[in-house]
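Every chain is numbered from 1, with letters handed out A, B, ... down the list of sequences. Worth knowing before you read on, the calculation uses all heavy atoms, side chains too, and leaves out hydrogens, waters and symmetry mates.
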2 protein chains.
Amino acid sequence: MTSSLVKSNNTTRNKLIETTGKLLQLHGYSGTGLNEIIKQSGAPKGSLYYHFPEGKEQLAYEAIERTKENVTNFIKDSLARYDDPIEAIQNFIYDSAKRFEADSYFNGVPIANIVLEISKTNDRLRELCRKVFESWHEAFADKLKSGGYSDEESWDLAMTINAMIQGAFVICLTRQDSKPLLVMAEQIPVMLIKGK
Amino acid sequence: MTSSLVKSNNTTRNKLIETTGKLLQLHGYSGTGLNEIIKQSGAPKGSLYYHFPEGKEQLAYEAIERTKENVTNFIKDSLARYDDPIEAIQNFIYDSAKRFEADSYFNGVPIANIVLEISKTNDRLRELCRKVFESWHEAFADKLKSGGYSDEESWDLAMTINAMIQGAFVICLTRQDSKPLLVMAEQIPVMLIKGK
DNA sequence: GTCTATACTATGATAGAC
DNA sequence: GTCTATCATAGTATAGAC
């Protein structure tokens, strides 16, 4: 819908979207105030409703779209580093664990934190979050297919992996360590062995 | 800390805790207002700060404690219905999927919705949520141990199952169907086969 | 594109009567 | 134990000047 990839880098609009994404990930939808977005983005105070006439919901919508692109690309790039799906996915989880420990960007779970809160009250955002999960799911499924798994196997296994990782992130955040992700990584070979 | 099991059934205090638990599950911490809690609980308007002098945080704290008891008991009861851990856990997930489809009580993911939002801003509540996950984890681990899995295997597998189920719930809520849980259930035997 | 000022509503919380 | 009235603050959103 928006041409965010064309020419909007480093603009006020762009900073607002990025800041909103980070704050949503940290504090959820209700917990993220427009005042705080303006403060932390350093954006001019008067420009928010100029760039986002529909207000908070539009801002959140575009922030979620941005997160979708970023995370999907991160997954695809990481998976591309190994031919074997088992190695690739295992390595992706180790990468994620490393990021969780080191990078404050990964403090907070991206989409889950939003969708859990708004799933019953905002269908437009919920539907967008559904597409985000679908996009991640597809990235895992494609990798599995390329490794020789059938379409159906790939769909089921990718769904499982997606759920495992997200659940692990929730528990990591709660415990404040990356152990759950490391445990998941070790389960991957058990799950992905062919010819049960 | 509180003697909620002794004599507080059907009192105003009790209704406030129950309503708060449901609303937290639906709308998160920031999204749940004290006014709405009072309205939906039908509790007398003036009694909130009498029963909960520390306000919203205390109310949330006790609601989380209540959820911990309820869900842990639900898990244990369900797992007790089959001797074999594989059957028991698989059946538990099918039960959860059925509840998800039918019972509005399971609309919303209990603890995850809170902890994702407050993990960086409220250590007291975060720590309590950690104990809740630990309690669920323990229920699964005990079942696995009773089926002959080693302590270490049981710990890892229970962690994985706990994460899978929670991730699946997040995706179920987003998609508004129980398919992800059904997929998880079918993965359980693959994961739990001994002698990899 | 950005500014200030402001409207309106909701929030969590407290005080004092009953 | 519960009531009403009220507080200060923060929330989203709008209008009009520049």
Side-chain angles (χ1 to χ4, degrees), chain A residues 2-4 6-24 26-64 113-114 117-118 120-122 124-125, chain B residues 2-4 6-24 26-64 113-114 117-118 120-122 124-125:
Chain A
T2 59
S3 56
S4 62
V6 181
K7 55 171 182 175
S8 66
N9 275 347
N10 278 331
T11 65
T12 293
R13 194 174 202 285
N14 194 50
K15 276 190 289 184
L16 282 168
I17 292 174
E18 280 182 2
T19 305
T20 302
K22 286 180 191 171
L23 287 173
L24 285 175
L26 273 169
H27 306 124
Y29 189 79
S30 303
T32 298
L34 296 183
N35 295 333
E36 209 188 342
I37 292 173
I38 286 164
K39 199 186 299 171
Q40 290 207 21
S41 67
K45 297 191 180 184
S47 59
L48 198 151
Y49 279 91
Y50 171 79
H51 292 293
F52 303 92
E54 295 165 51
K56 189 180 183 178
E57 186 178 326
Q58 184 188 0
L59 201 40
Y61 193 96
E62 301 205 26
I64 293 170
N113 195 9
I114 302 167
E117 191 183 339
I118 53 82
K120 298 286 168 189
T121 49
N122 190 321
R124 186 163 162 253
L125 291 182
Chain B
T2 59
S3 55
S4 61
V6 182
K7 55 169 182 174
S8 64
N9 276 346
N10 277 331
T11 64
T12 294
R13 193 173 202 285
N14 194 50
K15 277 190 287 183
L16 282 168
I17 292 175
E18 279 181 4
T19 305
T20 302
K22 286 179 191 171
L23 287 173
L24 285 176
L26 272 170
H27 306 124
Y29 189 79
S30 302
T32 299
L34 296 183
N35 294 333
E36 209 188 342
I37 292 173
I38 286 163
K39 199 185 299 170
Q40 291 208 21
S41 67
K45 297 192 180 183
S47 59
L48 198 151
Y49 278 91
Y50 171 79
H51 291 293
F52 305 92
E54 296 163 51
K56 187 179 185 179
E57 185 177 326
Q58 185 187 1
L59 200 40
Y61 193 95
E62 301 204 28
I64 294 170
N113 196 7
I114 302 167
E117 190 182 341
I118 53 83
K120 297 286 167 189
T121 50
N122 191 320
R124 186 162 162 254
L125 291 182

Which one, [options], comes nearest to the side chain of [X]?
X	options	result
B/Ser47	C/dT11, D/dT2, C/dG12	D/dT2
B/Leu34	D/dA13, C/dT2, C/dA13	C/dA13
B/Tyr50	D/dT2, C/dT2, D/dT12	D/dT2
B/Tyr49	C/dT14, D/dT14, D/dT2	C/dT14
B/Pro44	D/dT2, D/dT12, C/dA13	D/dT2
A/Thr12	C/dA13, C/dT2, D/dA13	C/dT2

May I have the distance from [X] (atom [atom1]) to [N] (atom [atom2]), rounded to whole angstrom?
X	N	atom1	atom2	value
A/Leu16	C/dG1	CG	P	13 Å
A/Lys15	C/dT2	NZ	C1'	13 Å
B/Lys45	D/dT6	NZ	C1'	15 Å
B/Phe52	C/dT14	CZ	P	15 Å
B/Leu48	D/dT4	CG	P	15 Å
A/Lys39	D/dA10	NZ	C1'	11 Å
B/Glu36	D/dG11	CD	C1'	16 Å
A/Ile37	D/dA10	CD1	P	16 Å

Original post:
Heavy atoms under 4.0 Å, any strand shown: does A/Ser30 hit a base, just sugar-phosphate, or nothing?
Top reply: nothing
**OP:** Indicate yes or no: at least one non-hydrogen side-chain atom of B/Asn113 is less than 4.5 angstrom from one of B/Leu24.
**Re:** no
Original post:
Can you name the nearest heavy-atom pair linking B/Tyr29 to B/Glu117, along with the distance?
Top reply: N-OE1, 2.9 Å
Subject >> Closest contact, heavy atoms only, B/Thr19 versus B/Ile37 >> reply: CG2-O, 3.8 Å
Original post:
Phosphate oxygens OP1/OP2 of D/dT12: is one of them under 4.0 Å from a side-chain N or O of A/Asn35?
Top reply: no
Subject >> A/Ser30 side chain vs B/Ser30 backbone, donor-acceptor pair below 3.5 Å >> reply: no
**OP:** Begin with the C-alpha distance, continue with both residues' side-chain angles, and end with the deciding distance and a verdict on side chain to side chain contact (heavy atoms under 4.5 Å, CB included) for A/Tyr50 and A/Arg13.
**Re:** CA-CA 9 Å; A/Tyr50 171 79; A/Arg13 194 174 202 285; over 6 Å; no
